[in-house]
Amino acid sequence: MPDPTNSEIAAALEELGDLYELDGAIIHRVVAYRNAAKAVRDASVSVSALARQGRATELPGIGATIQEKVLALADDGAIPAAVKLRARFPSGLIEVTRLPGLGPKRARRLFEELSIDSIDSLRAAAEGERIRTLKGFGPKAEESILAALADAGAGEPRARVVLHRALAVGEQLIAALREHPASERVELAGSARRMTDSVKDLDVIATASDPGALARAAAALELVEAAQIPGEAGVRLRTHTGLKIDLRIVAPEQFGNLLQHFTGSKEHNMALRDAAVRKGLHVSEYGVLDDSTGHTTKCTTEGEVYALLGLQYIEPELRENRGELEAAAAARLPELVQLGDLRGDLHSHTTASDGTASIEQMGMAAREAGYEYLAVTDHSASFGFGEDVSPLALRDQVERIRSAELDGITLLAGSEVNVLPDGSLDYPDELLTELDWVIASVHSSFRMDAEAMTGRLLRAIEHPLVDAIGHLSGRKIERRAPYAFDVERVLEAAARTGTMLEINASPDRRDINDVTARAAAAAGIPIVINCDAHRVRGFEVARYGIATARRAWLTAAEIANTRPWPEVQALRPRHRAAV
DNA sequence: GCCGTTTTCGGCCCGACTGTTTTCAGTCG
């Protein structure tokens, strides 16, 4: 039996937390399990392996007890405490606690007093008006339970929206509000401001000379399908795309507090407040209360909030409670890479494969995006959609790239070569040696087992003519999970061979992700941020690659293509000489 | 269950909302 993966361990710890909560454990113990689950999920190394070495306790929120439980899971496939509790609480009961309005306390009473142990028995009890017989429950409770059941069964479990779709609408709304005469400051908040992969809804914070007028104007915008009644405090909107947007309007003197609060993340804010309490301060969306004076300080900017707590300003992308508070306290936050730092792009397509523009058109678009160089990397021989480039055609393509006459940008002849199921590439080495740049990607046979996929990737990484691996995990945000492979072994191999790893900036990929990118850079692996552009407007997505890099704490120095092309070349092991 | 420049024991974020309440517990973000 293979060791449990980090996500399996995290799920087991979450479940145990849920079970302890049903069992009536003090909430702090339950929270401890949830914090541990998050620490496992954020870990870039195998927590099973760490636990075997007795080092899992180095992760924040994991102590000796939870390490023991991880070891039990790894050795016996189960945690004894969870087995015992599962016998007492039917699994359907945990689903009942997930319904809005029902938590562990009320679910447990339903179980003990009405034998409700599943969604089905809950529905039957509500319909039979038996729930209102319980003390503390009334007709309203029954009604809201039935409404929650109807929502859950409506088949529209409102999936999260990929970030760029939400921003496409949100940025229009913000631009419109900024133009309104009653508005003063209008800023995006929430997870979208932190540039997460996907979002549930959007939060917008504003100050206004006439709040009511601004809220009414927002509700009247063309992109709004429905709005609740606008008020002085703001308005809740739903756009025609189905996206929910909360506009909150506040007094200017509290703008910093509110923006900080609603930017989150929840975990960041909880840790921030915890640290504040130890200094005798209490942080909320209304200000910072000082225990010793009883005085609440309001902040017009977020910088003031952090400064009051003795912290450096923390960029939104870092606010995930992944060590940013400790770093800010020590004034050791990294200077994050910015969009303007990119000097070139090393992954693009033309009409030679599945792109829509010519070499020249893509070159001009890249130049307009501010790049000094662009690698043209059409798909290789076996791409498989009738868009493949045969070896002969690639030689022609190299000629065309080399002879393209474009001022102000250097075009590089490259290819995005398929990594075949056995880990070999689908161009011969003699052909690859003629190229300036080779990026290798997996485009087929995603469902191999982890061992085989790891071997496949290792072979590509170790190939002396491969400069970088494209979209390493193969994930599509909200649509396709990464394929199974051993991230640690892959990073170890890339670090050893000097093979670069791509952050593919395409907003539905953002692959490698923030957690992996941070681990890769820490291992000394050069990262490249590429747009994978298939059309002239394809370079607009660079901001999403930059966002992932920033969420990974990366500086410009850790991104290869912030350098001029000759320096990128020098970074590569290019074993070319050895071939 | 975790954790420590005020603690190895005694704490553990903050405020809003809801329903069933006569002062609040449970839930949510």
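Residue numbers begin at 1 in each chain, while the letters A, B, ... track the order of the sequences. Computed from a predicted structure; not experimentally measured.
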Original post:
Should the heavy atoms of other residues, nucleotides or ligands under 6.0 Å from CD of A/Glu112 be counted, would the total exceed 12?
Top reply: yes
Original post:
Separation of A/Ile26 atom CD1 from B/dC2 atom P, in whole Å?
Top reply: 12 Å
Original post:
Within a reach of under 6.0 Å around CZ of A/Arg236, are more than 12 heavy atoms found that belong to other residues, nucleotides or ligands?
Top reply: no
Original post:
Looking at DNA chain B, which of residues 46-61 of chain A put a heavy atom within less than 4.0 Å of it?
Top reply: A/Pro60, A/Gly61
Subject >> Other residues, nucleotides, ligands: >12 heavy atoms within 6.0 Å of A/Lys476 NZ >> reply: yes
Original post:
If we take the C1' atom in both B/dG1 and B/dT5, what is their distance in whole Å?
Top reply: 24 Å
Subject >> Spacing of the C1' atoms in B/dT7 and B/dC2 (rounded, Å) >> reply: 14 Å
Subject >> Spacing of A/Arg98 atom CZ relative to B/dT27 atom C1', expressed in whole Å >> reply: 14 Å
Original post:
Say you pick atom P in B/dG29 and the same atom in B/dT23; how far apart are they, in whole Å?
Top reply: 29 Å
Subject >> Inter-nucleotide C1' distance (B/dT8, B/dC3), Å rounded >> reply: 9 Å
Original post:
Looking only at side chains, do A/Gln260 and A/Asn269 share a donor and an acceptor under 3.5 Å apart?
Top reply: yes
Subject >> Strand-adjacent residues in residues 290-326 of chain A, judged by heavy atoms under 4.0 Å from DNA chain B >> reply: none
**OP:** Classify the side-chain pair A/Asp120/A/Ser118 by whether it contains a donor and acceptor separated by less than 3.5 Å.
**Re:** no
Original post:
Roughly, in whole Å, what's the span from CZ in A/Arg278 to P in B/dC3?
Top reply: 11 Å
Subject >> Whole-Å gap separating C1' (B/dC28) and CG (A/Asp201) >> reply: 13 Å
**OP:** Output the residues of residues 72-91 of chain A in contact with DNA chain B, where contact means a heavy atom of the residue under 4.0 Å from an atom of the strand; sort by number or write none.
**Re:** none
Original post:
Partners of A/Tyr33 by ring pair (Phe, Tyr, Trp, His ring centres under 6.0 Å), sequence neighbours excluded?
Top reply: A/Tyr20
Subject >> Strand contacts (DNA chain B) in residues 32-45 of chain A, 4.0 angstrom heavy-atom criterion >> reply: A/Ala32, A/Tyr33
Original post:
So what's B/dT8 paired with, Watson-Crick or G-U wobble, going by both distances under 3.5 Å?
Top reply: none
Subject >> Distance, rounded to the nearest Å, where A/Arg109 contributes CZ and B/dA25 contributes C1' >> reply: 11 Å
Original post:
Expressed in angstrom and rounded to an integer, what is the separation of A/Leu13 atom CG from B/dC2 atom C1'?
Top reply: 14 Å
Original post:
Between the side chains of A/His268 and A/Glu324, is a donor N or O closer than 3.5 angstrom to an acceptor N or O?
Top reply: yes
**OP:** Go through the side-chain N and O atoms of A/Asp511 and A/Ser473 and say whether any donor and acceptor fall under 3.5 Å apart.
**Re:** yes
Original post:
Side chains of A/Ser91 and A/Glu95: donor-acceptor distance under 3.5 Å anywhere?
Top reply: no
Original post:
Counting any heavy atom closer than 4.0 Å, what does A/Leu99 reach on the DNA or RNA strands: base, sugar-phosphate only, or nothing?
Top reply: sugar-phosphate
**OP:** Scan A/His261, A/Arg185, A/Arg248, A/Gln254 and name whichever one has a side-chain contact (heavy atoms from CB on, under 4.5 Å) with A/Ile205.
**Re:** A/Arg248
Subject >> Whether A/Arg322 side chain and A/Asp42 backbone form a donor-acceptor pair below 3.5 Å >> reply: no
Original post:
When you compare B/dG4 with B/dC13, how far apart are their P atoms, in angstrom units rounded to a whole number?
Top reply: 14 Å
Original post:
Is there a donor-acceptor pair under 3.5 Å between the side chain of A/Arg238 and the backbone N or O of A/Val224?
Top reply: no
**OP:** For A/Arg123, look at atom CZ and say whether over 12 heavy atoms of other residues, nucleotides or ligands are found less than 6.0 Å away.
**Re:** yes
Original post:
Under 6.0 Å from the CD atom of A/Gln53, do we count more than 12 heavy atoms belonging to anything else shown?
Top reply: yes
Subject >> C1'-based separation of B/dT6 from B/dG11 [nearest Å] >> reply: 13 Å
Original post:
Can A/Ser198 and A/Glu478 be counted as having a side-chain donor-acceptor contact under 3.5 angstrom?
Top reply: yes
**OP:** Using heavy atoms to find the nearest nucleotide of DNA chain B for A/Ala64 and A/Phe262 separately, return the residue whose nucleotide is more 5′.
**Re:** A/Ala64
Original post:
Once you round it to whole Å, what is the distance between P of B/dT27 and CG of A/Asp18?
Top reply: 13 Å
Original post:
Contact class for A/Ile27 (heavy atom, under 4.0 Å): base, sugar-phosphate, or nothing?
Top reply: nothing
Subject >> C1' atoms of B/dG26 and B/dT20, separation to the nearest Å >> reply: 12 Å
Subject >> Under 4.0 Å protein heavy-atom contact, by nucleotide of nucleotides 13-22 of chain B - B base, S sugar-phosphate only >> reply: BBSS--SSS-
Subject >> Sidechain N-carboxylate O distance under 4.0 Å for A/Arg551, A/Asp514 >> reply: yes
Original post:
Is it true that the side chains of A/Thr555 and A/Glu558 contain a donor and an acceptor less than 3.5 Å apart?
Top reply: yes
Subject >> Salt bridge present between A/Glu21 and A/Arg108 (N-O < 4.0 angstrom) >> reply: no
**OP:** Provide, to the nearest angstrom, the distance between the NZ atom belonging to A/Lys69 and the P atom belonging to B/dC2.
**Re:** 8 Å
